[in-house]
*Asks:* 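To start, I am sharing the structure in question, which I have written as structure tokens.
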Amino acid sequence: MSSARRPPLPLPKDPPPGPFRRDVWRSPLRGPWLASLLSSALLPLIAICALTGFLSHAAYDPDLGQNSVTGSGGIGFDLYIFDWPSSPGWLYALSQGLHVVSGLAAIPILLAKLWTVIPKLFEWPPVRSLAHGVERLGLALLVGSSLFVIATGVINIQYWYVFGFSFVPAHYYGAFVFLAGLAVHVAVKLPTALQAFRERGVWAPLRDDLEHTRPEPPLAGPAGSGGPEPSGSHPASEEEASIPSAPGAPTISRRGLLATVGAASFGLAMMAAGQAVGGPLRSLGLLAPRGRQMPSSGPNAFPVNKTFAAVGIDPTATGSGWRLRVTGPDGDLSFSREQLLALPQATERLTIGCVEGWSTTQTWTGVRLRDLARLAGARASDVVTVQSLQRGGFGRVTLNPGQVMNPRSLLALRVNTVDLSLDHGFPARIIVPALPGVHNTKWVSSLRFAAA
Ligand SMILES: Nc1nc2c(c(=O)[nH]1)N[C@H]1C(S)=C(S)[C@@H](COP(=O)(O)O)O[C@H]1N2
Ligand SMILES: [Mo]
């Protein structure tokens, strides 16, 4: 097969000094068994993260202006054939909590996996044939997209909006590239992983202490060469490219490495869970950016995403001149805050579950959306478009008929027995069970009920 290895480009036969030389990579821990074990730990986390990610997008329907991927801002068709339910009330917070916990927990394992296979990044020659080139391009997309979805996710959780593109579509489309690449990768590599486990045992290499830590032997079956390494720069087979040709002495055992990675993963998961569950567990969220700007005590002491000052609404607009406009088939209505408080009030304990991985459950009081819909003459199949005093940003959202008609859905005027603070949406805000946090529009100025 030597002709297949001739570089299609005029490259020297031998790799240049540096990472392209196989003997640069000396850790005796690298090999197909370690890569397979780390991958087996990653896959369930990725599955949870992907499923909850797509559920979150389903929950974003019917529309969230600039965040929409299915509406006008996106690909223009609806991938989700069901309406996001508005019960149980903790559904979105649970889904989003799992998304962020599994995503963060995957990071140390993914990094360890990439470390295990990094010699393969520096194959020489970089491209041996068309098929090899296509395969490497696929791997580049897989690795690149995995790092992209994780980086954009972390940056978004950390409130650090540095990129010049919209997070939601970028993270969403990045996930498609990642999952497509992953599906191909799993299909191609599954036989090797099973073989590595069969030949070495799933857990057996973890019994070796530092002193007994040796490089993995080459795989014996079809995926491996079954023989000793040939001389030269090429590994006997693709699968063995990560096994060092000139191993150094181990500095950590395999179980030491896995314990370290596992501890990092568990620690990140706990920090994420602290934020996601909220309440007293919030203090576990050591890296959580939220909480800096909330009052330290009192009924309004729960996290604020965007403060009143940050969104730049004219402060006089929330004063005594504020009116809520309600439009529907029966025409145009207008309510002062006093008039809304004079309507039947409902009190509900409801959760705001934010896409950025935190949640908070508070006791909200206000007018049922269903009652306002009835006053406007809306039909049970109508959607409502909510408009905030804030223009642009998250100032407009559409809620589906189930969300409007749920008896627990409120236009909240008060929280924890006091008036909403300006930061929490005074004079009035939307609070709907199981709604993504970002749809719970603050500083509402109008509601328009209409056919979908
Ligand atoms: N008008 C408006 N409403 C908004 C936002 C906003 O930026 N503008 N942020 C949303 C987001 S992302 C979340 S998670 C919740 C947070 O509510 P809180 O700040 O009252 O805790 O409000 C939502 N309502
Ligand atoms: Mo949010």
Side-chain angles (χ1 to χ4, degrees), residues 56-57 59-60 63-68 89-90 92-93 95-97 99-100 153 155-161 166-168 171 275-276 278-279 282 285 288-295 298-315 317-318 322 324 349-366 384-399 403 409-416 418-447:
S56 179
H57 280 279
Y60 266 31
D63 200 5
L64 180 64
Q66 61 162 19
N67 257 355
S68 176
W90 40 261
Y92 188 78
S95 168
Q96 202 51 36
H99 184 70
V100 173
I155 287 169
N156 195 63
I157 299 173
Q158 289 303 321
Y159 244 3
W160 185 43
Y161 304 123
S166 180
F167 165 75
V168 174
H171 195 67
Q275 267 216 90
R282 190 176 305 284
R290 278 165 205 81
R292 291 187 205 127
Q293 52 196 5
M294 71 190 198
N300 273 287
F302 57 95
V304 177
N305 196 330
K306 297 278 178 346
T307 59
F308 183 73
V311 299
I313 296 169
D314 172 11
T318 61
W322 175 86
L324 175 77
R349 222 171 139 65
L350 291 173
T351 301
I352 294 178
C354 177
V355 69
E356 289 158 353
W358 62 276
S359 81
T360 182
T361 302
Q362 306 296 334
T363 304
W364 309 89
T365 301
V384 65
T385 302
V386 179
Q387 176 64 54
S388 168
L389 292 168
Q390 178 190 7
R391 300 286 147 174
F394 299 138
R396 183 205 291 263
V397 68
T398 305
L399 305 178
Q403 290 161 342
S409 300
L410 302 180
L411 180 74
L413 306 165
R414 298 162 65 80
V415 64
N416 302 326
V418 300
D419 282 344
L420 293 170
S421 67
L422 266 181
D423 284 341
H424 286 305
F426 182 90
R429 77 174 299 168
I430 295 294
I431 291 288
V432 168
L435 193 67
V438 62
H439 287 193
N440 290 295
T441 309
K442 305 196 271 193
W443 316 294
V444 173
S445 62
S446 74
L447 302 174

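As the structure lists them, so they are numbered: ligands from 1, and atoms in each ligand from 1. In this text, all values refer to a predicted model and were calculated from it rather than measured experimentally.
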*Asks:* How long is the gap from CG on L410 to CH2 on W364, to the nearest 0.5 Å?
*Replies:*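 If I round to the nearest 0.5 Å, the distance is 9.5 Å.
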*Asks:* So which atom in V355 and which in S56 form the shortest heavy-atom distance, rounded to 0.1 Å?
*Replies:* CG2-OG, 4.2 Å
*Asks:* Quick one: list whatever passes ring pair (Phe, Tyr, Trp, His ring centres under 6.0 Å) with H99, sequence neighbours left out.
*Replies:*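 H99 satisfies ring pair (Phe, Tyr, Trp, His ring centres under 6.0 Å) with no residue once adjacent residues are dropped.
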*Asks:* Give every pair made of an N or O atom of ligand 1 and a protein N or O atom lying under 3.5 Å apart, one pair per line with both atom names and the distance to 0.1 Å, or write 'none'.
*Replies:*
residue: ligand 1; atom: 1 (N); partner: S388; partner atom: OG; Å: 3.4
residue: ligand 1; atom: 1 (N); partner: Q390; partner atom: OE1; Å: 2.8
residue: ligand 1; atom: 1 (N); partner: K442; partner atom: O; Å: 3.3
residue: ligand 1; atom: 3 (N); partner: K442; partner atom: N; Å: 3.0
residue: ligand 1; atom: 8 (N); partner: Q390; partner atom: OE1; Å: 2.6
residue: ligand 1; atom: 17 (O); partner: R429; partner atom: NH2; Å: 3.1
residue: ligand 1; atom: 19 (O); partner: N305; partner atom: N; Å: 2.9
residue: ligand 1; atom: 19 (O); partner: K442; partner atom: NZ; Å: 2.6
residue: ligand 1; atom: 20 (O); partner: H424; partner atom: ND1; Å: 2.8
residue: ligand 1; atom: 20 (O); partner: R429; partner atom: NH1; Å: 2.5
residue: ligand 1; atom: 21 (O); partner: P303; partner atom: O; Å: 2.5
residue: ligand 1; atom: 22 (O); partner: R429; partner atom: NH2; Å: 3.2
residue: ligand 1; atom: 24 (N); partner: N440; partner atom: O; Å: 3.0

*Asks:* Looking at residues at least two apart in the chain, or sitting in another chain, which of them share a side-chain contact (heavy atoms from CB on, under 4.5 Å) with P436?
*Replies:* A59, Y60, Y92, V438, H439
*Asks:* My understanding is that only residues two or more places apart in sequence, or in another chain, count here; which of them pass ring pair (Phe, Tyr, Trp, His ring centres under 6.0 Å) with F308?
*Replies:* W443
*Asks:* For V418 versus P299, what's the shortest heavy-atom pair and its separation?
*Replies:*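 Distance-wise, the nearest heavy atoms are CG2-CB, 3.5 Å.
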